[in-house]
Amino acid sequence: MFDYNLWDAIVIPLTTVILIAAAVCLRFALKNAKPVYRTLPLKIIAVFVPLLEVAKQIYYNVFEDFTLYILPLHFCSLFFLFMPLSQFGFKKVREFFKPMTVIYALLVTILVYVNPHALIGNSASALFASFHNTHTFLYHFSVIAYFIFSVALGDYRPRYKHCINVSCGIAIYASYAVPCAYLLNTNYVNILYSAFKPLEDFRLWAGQVAYNVVLFTISVAAVCLICVASCLIYKAVTKLPLKKNAEENP
């Protein structure tokens with residue numbers, strides 16, 4: 001964890017700062033716009049991310065040796081489905097998938113900073129050296145941009161009840177990722193074995209079924225914790241003083 005090389009330490013924070021600056025500018029530029037225009041940056045990302053995934057599948061099928069690990073069965077692959085549903089689905093569909101998309105995007109943001117090489121490998125230090133590095137960096141930072149822009153543009157308001165949504169998303173993912181990992185004998189998100197030694201030791205001691213139950217229980221607990229923390233932060237940021245001043249000085 002926190003295993004940064006020099007390029008990670010420069011590129012990751014710098015890219016985040018650029019995204020935050022862009023989000024702040026967009027917030028002011030679009031503050032009086034209709035919702036359909038205010039969320040346009042998010043809609044663009046919601047189209048861009050699926051296109052990145054399609055490009056990846058085409059590239060590895062045509063130009064590189066295709067492996068089963070390339071299939072979109074990773075946790076981060078959820079975004080190329082969830083983002084369009086969050087932005088272009090019917091109202092009920094948007095309401096169901098938006099909490100998952102934003103909270104999972106926040107989780108990715110945290111993980112990129114905690115353990116960058118686990119998510120984006122060496123892509124920050126060799127950004128344009130290969131299609132793989134460029135795709136990896138663009139995909140994950142598009143996810144981070146989606147979270148930052150969602151907050152800046154006010155497209156998502158966290159609620160405690162959204163713990164149900166984010167838990168459902170983990171269940172949806174597990175329902176197909178676990179069978180596929182075993183059928184294809186491919187270690188999507190550590191389903192077959194863990195790179196984290198304490199969890200791997202537990203798997204060897206308790207067995208595969210118990211390990212998978214614990215793995216996804218931890219996942220549900222993590223996203224629920226992030227959801228609750230988001231609610232508390234949102235409440236703290238939107239406390240009454242600013243509102244009161246606005247009401248006193250219309």
Side-chain angles (χ1 to χ4, degrees), residues 2 4 7-53 74-89 94-95 97-116 118-120 123-124 127 134-159 162 165-166 169 222-223 225-238 242:
F2 300 106
Y4 284 68
W7 281 104
D8 293 330
I10 295 171
V11 174
I12 293 173
L14 180 61
T15 306
T16 307
V17 168
I18 291 170
L19 290 174
I20 291 171
V24 171
C25 291
L26 285 168
R27 179 180 178 87
F28 284 105
L30 300 171
K31 64 179 180 180
N32 296 319
K34 294 178 181 178
V36 67
Y37 298 118
R38 195 168 61 245
T39 59
L40 189 59
L42 295 169
K43 288 177 169 57
I44 291 170
I45 297 172
V47 172
F48 183 60
V49 165
L51 288 176
L52 281 174
E53 186 59 42
H74 302 275
F75 180 76
C76 286
S77 301
L78 287 173
F79 292 105
F80 88 88
L81 295 171
F82 284 9
M83 281 185 186
L85 290 169
S86 296
Q87 290 300 319
F88 302 111
R94 293 199 308 271
E95 288 174 354
F97 284 100
K98 193 170 289 186
M100 298 181 205
T101 309
V102 178
I103 296 299
Y104 296 169
L106 174 53
L107 174 62
V108 168
T109 305
I110 293 167
L111 291 177
V112 163
Y113 273 89
V114 170
N115 194 358
L119 263 76
I120 62 171
S123 62
L127 182 53
T134 306
H135 176 275
T136 299
F137 191 87
L138 286 177
Y139 189 96
H140 288 88
F141 272 88
S142 294
V143 171
I144 292 171
Y146 190 91
F147 163 69
I148 292 171
F149 289 3
S150 291
V151 173
L153 300 173
D155 191 52
Y156 171 65
R157 295 183 179 184
R159 298 286 184 267
H162 292 163
N165 300 60
V166 297
V223 293
L225 181 63
I226 291 170
C227 187
V228 169
S230 299
C231 292
L232 293 173
I233 293 168
Y234 180 79
K235 275 191 170 183
V237 169
T238 55
L242 283 176

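Please read all numbers here as calculations on a predicted model, not as lab measurements. Reckoned from all heavy atoms, side chains included, excluding hydrogens, waters and symmetry mates.
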From the options Thr101, Val102, Val223, select the one residue that forms a side chain to side chain contact (heavy atoms under 4.5 Å, CB included) with Val166.
-> Val223
Ignoring hydrogens and angles, tell me if any N or O in the side chain of Ser123 forms a donor-acceptor pair with the backbone of Thr134 under 3.5 Å.
-> no
Parallel, tilted or perpendicular: which describes the rings of Phe79 and Phe75, with under 30° parallel and over 60° perpendicular?
-> perpendicular
Can you tell me how far CG of Leu153 sits from CD1 of Ile148, rounded to the nearest 0.5 angstrom?
-> 11.5 Å
Going from NZ on Lys43 to OH on Tyr146, what distance comes out if it is rounded to the nearest 0.5 angstrom?
-> 8.5 Å
Only residue of Leu119, Ile120, Leu127 satisfying side chain to side chain contact (heavy atoms under 4.5 Å, CB included) with Thr136 is Ile120
Starting at OG1 of Thr15, measure out to CD1 of Ile10 and round the result to the nearest 0.5 Å.
-> 11.0 Å
So do the side chains of Val143 and Phe147 get within less than 4.5 Å of each other, counting heavy atoms only?
-> no
CD1 of Ile44 to CE of Met83: how many Å apart, nearest 0.5 Å?
-> 13.0 Å
Is there a donor-acceptor pair closer than 3.5 Å between any side-chain N or O of Tyr104 and the backbone N or O of Cys76?
-> no
Between Cys231 and Pro158, what is the shortest heavy-atom contact and its length?
-> SG-C, 3.6 Å
Is any side-chain heavy atom of Ile103 less than 4.5 Å from a side-chain heavy atom of Leu107?
-> no
Distance col, row Asp155:CG vs Leu42:CG, nearest 0.5 angstrom, shows 5.0 Å
Inspect the surroundings of OH in Tyr37 and state if more than 12 heavy atoms from other residues, nucleotides or ligands are less than 6.0 Å away.
-> no
Scanning both residues in full, the closest heavy-atom pair of Pro99 with Tyr156 reads CA-CE1, 3.7 Å
Ring centers of His74, Tyr139 separated by less than 6.0 Å | no
Locate the shortest heavy-atom distance separating Val11 from Ala124; write the atom from each residue and the value.
-> CG2-O, 3.6 Å
Under the side chain to side chain donor-acceptor pair (under 3.5 Å) criterion, do Tyr113 and Thr16 qualify, and how do the steps go?
-> CA-CA 10 Å; Tyr113 273 89; Thr16 307; 2.6 Å; yes
Atom CG in Leu111, atom NE2 in His140: separation rounded to 0.5 Å?
-> 9.5 Å
Backbone of Phe97 reached by a side-chain donor or acceptor of Ser86 within 3.5 Å = yes
Just by distance, do the side chain of Arg38 and the backbone of Leu30 share a donor-acceptor pair under 3.5 Å?
-> no
Of the non-hydrogen atoms in Gly169 and Met100, which two are nearest, and what is the gap between them?
-> CA-SD, 3.6 Å
Flag side-chain contact, heavy atom, 4.5 Å: Phe88 against Val47 | yes
If you count the non-hydrogen atoms of other residues, nucleotides and ligands that lie under 6.0 Å from CZ in Arg27, is the total more than 12?
-> no
